[in-house]
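Some notes on the structure that comes next.
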Amino acid sequence: GNVYRETSGILPKYLPERIGHDLNTRLKAKFMFGSEYPFFPLESVLDGWEKDFTFREGIPPLFFYKNALNILGDRFENAGTDLSEWKSLV
């Protein structure tokens, strides 16, 4: 399906347990990081993900950048963005 979820607007410590479970398991390719910057300082949001959420092995790269490249990469390229150095990471 083509439904995805990003995490802006919620700090990791307030993330419902069920959503956290799905992020780590069956919907791991459907979630991408969102920060609500500048309302939440980026450093504190990233610190929150590090200390308030437990990722399963292999999930952080998907969550923090790979899913976004897979989901939005074509749109960025169509807008003229060169993603060649990022493509090798996916």
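- Distance check: I59 CD1 to E57 CD gives 9.5 Å after rounding to the nearest 0.5 Å.
- Between F64 and W49, the ring planes lie perpendicular to each other; the angle is over 60°, past the 30° to 60° tilted range.
- In terms of heavy-atom proximity, G48 sits nearest to P12 at C-CG, 3.6 Å.
- Counting heavy atoms from C-beta on, the side chains of R5 and I19 come closer than 4.5 Å.
- Closest approach of E6 to G34, counting heavy atoms only: OE1-CA, 3.7 Å.
- Of the possible polar contacts, one joining the N67 side chain to the L62 backbone as a donor-acceptor pair under 3.5 Å is found.
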Review point. Are D47 and K51 close enough, and set up right, to give a salt bridge (charged side-chain N to carboxylate O under 4.0 Å, His left out), and what steps lead you there?
Key: CA-CA 6 Å; D47 287 345; K51 69 179 182 183; over 6 Å; no

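- Taking 4.5 Å as the limit, some side-chain heavy atom of M32 sits within range of a side-chain heavy atom of I71.
- Judged by distance alone, with hydrogens and angles left aside, the side-chain atoms of N70 form no donor-acceptor pair with the main-chain N or O of Y65 at under 3.5 Å.
- N24 places a side-chain N or O within 3.5 Å of a backbone atom of R56 that can act as its donor or acceptor partner.
- Here the side chains of F53 and L23 are in contact, with some heavy-atom distance below 4.5 Å.
- In the hydrophobic clustering of this structure, Y37 groups with L46; members are Ile, Leu, Val, Met, Phe, Trp, Tyr whose side-chain heavy atoms approach within less than 4.5 Å, directly or through other members.
- Using the six-membered ring where Trp is involved, F33 and F63 have ring planes that are perpendicular, over 60° apart on the 30 and 60° scheme.
- Other residues, nucleotides and ligands place more than 12 heavy atoms under 6.0 Å from the NZ atom of K30.
- Residue L42 comes nearest to S35 through the heavy atom pair CD1-CB, 3.7 Å, listed as atom of the first residue, atom of the second, then distance.
- Using a 4.5 Å heavy-atom cutoff, the side chains of I10 and P16 are in contact.
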